[in-house]
K.L.:
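For reference, the structure I am asking about is given below.
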2 protein chains.
Amino acid sequence: MPKSITITEIARESGVSISTVSRVLNGNVPVSPDKKERVEAAIRKYNYSPNALAKGLASRQSMTIGVILPDISNPYFSSLFCEIESAAHDAGYSILLCNTLYRSGSDAHLEEDYIQMMIDKHVDGLIIAGGQQDLIHPAKTYLAAIKRAASTLPLVMIGENIDGISCLFLDRERADGIYDAVKYLSSLGHKRIAFLGGEDGVKITASRVASYKKALSSLGLPVDENLIVLTNYYAQDGYRAAGLLLERGVSFTAALCINDSVALGSLRAFHDKGLHIPEDISLISCELFHSSEFFTPRITALDRCSSRFGRLVIQKLLNVIQNQEENDSLDISPKLIVRASCGPVPENN
Amino acid sequence: MPKSITITEIARESGVSISTVSRVLNGNVPVSPDKKERVEAAIRKYNYSPNALAKGLASRQSMTIGVILPDISNPYFSSLFCEIESAAHDAGYSILLCNTLYRSGSDAHLEEDYIQMMIDKHVDGLIIAGGQQDLIHPAKTYLAAIKRAASTLPLVMIGENIDGISCLFLDRERADGIYDAVKYLSSLGHKRIAFLGGEDGVKITASRVASYKKALSSLGLPVDENLIVLTNYYAQDGYRAAGLLLERGVSFTAALCINDSVALGSLRAFHDKGLHIPEDISLISCELFHSSEFFTPRITALDRCSSRFGRLVIQKLLNVIQNQEENDSLDISPKLIVRASCGPVPENN
DNA sequence: TTATGTCATGAAAGCGCTTTCATGTCAATA
DNA sequence: TATTGACATGAAAGCGCTTTCATGACATAA
């Protein structure tokens with residue numbers, strides 16, 4: 001590896017002090033045209049680019065933002081991330097990404113380690129999405145790590161408020177659109193509507209289940225715990241959830257799936273038992289990824305515009321980092337995309 | 001933000017020099033037990049953790065690895081990334097991730113900018129996967145940027161060799177399993193087998209199409225360019241590809257889809273035209289993600305063990321970074337997972 | 001006892017930048 | 001002409017670490 005050239009070489013080459021080079025580099029202080037010219041020539045000549053580590057150390061800004069999330073291969077998080085990364089890049093920041101779920105060994109303190117690592121690397125801001133059971137029962141040490149982080153750097157948590165931690169909380173579930181979904185099913189005559197997928201003890205699931213129950217009540221429909229089957233967020237979990245629901249033998253004519261993957265899995269499970277969608281059962285996905293449009297049948301789903309949410313996250317974080325004024329103007333209310341997975345209640349019900 | 005405490009405070013607190021603190025921190029040089037004890041106590045007391053920026057600047061190691069890829073929301077890349085991140089973390093490195101595809105504005109030099117940024121941030125190693133048309137027709141400036149990177153830091157390119165660039169090339173397509181897929185279809189009696197999805201002018205696609213043609217030839221089957229429809233990698237592209245193939249009016253009884261997403265889309269397109277899988281058309285996905293198992297019908301697919309490939313990438317990169325000896329032992333040959341999307345040739349053909 | 005070597009330790013010089021502060025230049029003002 | 005102020009500039013002091021080098025303590029060998 002060739003030794004990379006530094007600001008000192010540029011200063012020598014162009015016959016000015018390193019202060020002056022720094023000034024033309026950052027362009028915030030006037031520099032006489034001829035010197036500026038010479039410096040720029042030297043920079044071009046040597047293809048010089050400042051060492052970000054040194055710059056970060058001296059200026060106390062790393063121009064890096066940390067993102068901690070459970071599973072980037074989950075479309076929920078990857079679409080969020082894409083927007084975050086893009087928005088961050090537009091603002092000159094790069095992203096340090098940590099994935100907490102996908103692990104060969106089990107490491108109880110993994111997330112805390114990651115938080116500490118972010119602090120050590122002096123990220124200018126930190127975004128934590130999900131993880132640690134989405135904070136319904138966070139470990140004490142994890143909570144302590146978050147607190148420490150919040151007192152050290154600008155922190156955005158995607159999820160609900162945690163008592164005693166002062167950072168920015170952005171709630172994707174503020175408006176979850178589930179009422180619209182239930183109402184739609186109700187308008188088709190469905191009364192016994194199941195809820196499939198999601199993880200017990202996780203806030204995002206709890207939040208959606210709560211909305212589901214609330215919607216049922218406000219529409220005068222019965223709430224039956226037997227109709228709720230929590231497993232997890234992936235296709236295999238949808239498959240499992242639908243199977244368990246069927247085993248319970250409770251009657252139902254429609255189901256809300258927590259997301260597209262779960263919908264895909266349940267679809268498969270119902271299909272395997274000879275049940276048809278939407279003739280026998282109506283299905284709605286509570287969170288559209290990009291594929292449910294192509295399932296058989298096409299699945300009616302809630303579009304939560306999660307990508308736009310990512311941009312909002314960065315906006316908010318930069319507000320804090322750069323002490324900018326608020327411009328909270330993004331509308332991210334979910335919309336129900338009606339496709340072909342819902343129908344009237346079958347006659348024998 | 002409270003001023004974070006430094007090695008100097010720890011030295012003062014424990015009554016030793018900062019050199020000694022550094023030595024107990026890094027543990028490579030003997031330190032007398034009592035001093036070591038005192039330093040460790042001070043570290044615990046203040047919850048001290050070294051500034052990685054300063055450490056990186058002084059030691060010329062950032063303990064960071066850069067990853068540049070086109071689209072992390074594409075399962076191909078996200079599964080690769082998960083493994084990379086996990087393996088890197090196990091070795092003490094964190095990951096700077098750049099996503100080049102997902103952009104609001106169009107930026108011709110985006111990938112070059114990202115490469116430069118990685119160099120500036122002094123990553124200890126760089127992994128570039130895909131991008132820039134997967135390097136069949138890379139822009140001159142992009143090639144120059146890669147060359148510069150390769151001469152500055154350990155670089156792994158995932159893809160085929162590029163002339164004139166000396167870095168480590170890891171070829172995921174070395175064994176693509178496509179022969180097995182074609183042979184399987186052939187054994188079922190299929191003679192006219194289409195190829196759907198993938199992007200024209202992209203190496204990974206070209207490579208798979210070449211394997212497909214080669215397999216056809218070696219099995220004595222005709223190669224017909226009309227049976228090849230290149231669009232892109234996502235579900236909507238599979239939908240489009242199948243539609244275009246049908247429009248061409250050429251006869252075929254089976255199709256290879258470049259990946260699960262494309263398979264999902266084509267499935268949908270065939271279904272919409274009243275064609276049944278596998279009765280009318282047999283379908284194989286050339287790259288299994290995690291969902292094809294749940295499609296209707298379950299799709300026969302090639303499992304490329306892409307996650308294991310990620311670990312291999314890090315292994316190789318660390319070999320270079322740390323001058324370790326080679327231990328190239330990972331078997332990543334693809335396997336054909338036979339499911340329910342292939343059948344015998346329909347009678348009227 | 002003296003000479004030699006081993007070893008823990010601290011001082012100090014960087015790593016490549018930013019930023020403060022002092023300085024010298026020059027034009028505008030009195 | 002003398003004075004003031006504005007302004008471009010460079011020297012130098014950090015930022016928080018690592019690492020070299022010199023030193024002094026101590027044990028060992030002669």
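First the proteins, then the strands, lettered A, B, ... as listed; each starts at 1.
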K.L.:
If the sugar-phosphate is the primed atoms plus P, OP1 and OP2 and the base is the rest, what is the B/S/- string for nucleotides 16-28 of chain C, using protein heavy atoms under 4.0 Å?
P.N.:
BBBBB--------
K.L.:
Do Ile95(A) and Asn99(B) touch side chain to side chain, with heavy atoms closer than 4.5 Å?
P.N.:
no
K.L.:
Does dA8(C) have OP1 or OP2 sitting under 4.0 Å from an N or O in the side chain of Thr20(B)?
P.N.:
no
K.L.:
If we check salt bridge (charged side-chain N to carboxylate O under 4.0 Å, His left out) with Lys45(B), which of these qualifies: Glu40(B), Glu13(B), Glu9(B)?
P.N.:
Glu13(B)
K.L.:
Check whether more than 12 heavy atoms from other residues, nucleotides or ligands sit under 6.0 Å from atom CD of Glu37(A), and answer yes or no.
P.N.:
no
K.L.:
Look at Lys35(A) and dA8(D) and indicate whether a side-chain polar atom (N or O) is within less than 4.0 Å of OP1 or OP2.
P.N.:
no
K.L.:
Can you find a side-chain donor-acceptor pair between Gln116(B) and Asp120(B) that sits under 3.5 Å?
P.N.:
yes
K.L.:
Please enumerate all residues that pass side-chain contact (heavy atoms from CB on, under 4.5 Å) together with Thr64(A), with sequence neighbours excluded.
P.N.:
Ser62(A), Ser94(A), Leu96(A), Val123(A), Leu96(B), Lys121(B)
K.L.:
Kindly indicate whether the side chain of Cys82(A), heavy atoms from C-beta on, has any atom under 4.5 Å from the side chain of Ile72(B).
P.N.:
yes
K.L.:
Below 4.5 Å, heavy atoms only, C-beta onward: do His89(A) and Tyr114(B) meet side chain to side chain?
P.N.:
yes
K.L.:
State, with a plain yes or no, whether a side-chain heavy atom of Ser4(B) is found less than 4.5 Å away from one of Asn51(B).
P.N.:
no
K.L.:
How large an angle, rounded to 10°, do the end axes of the helix from dT1(C)-dA30(D) to dA30(C)-dT1(D) enclose when each is built from five base pairs?
P.N.:
50°
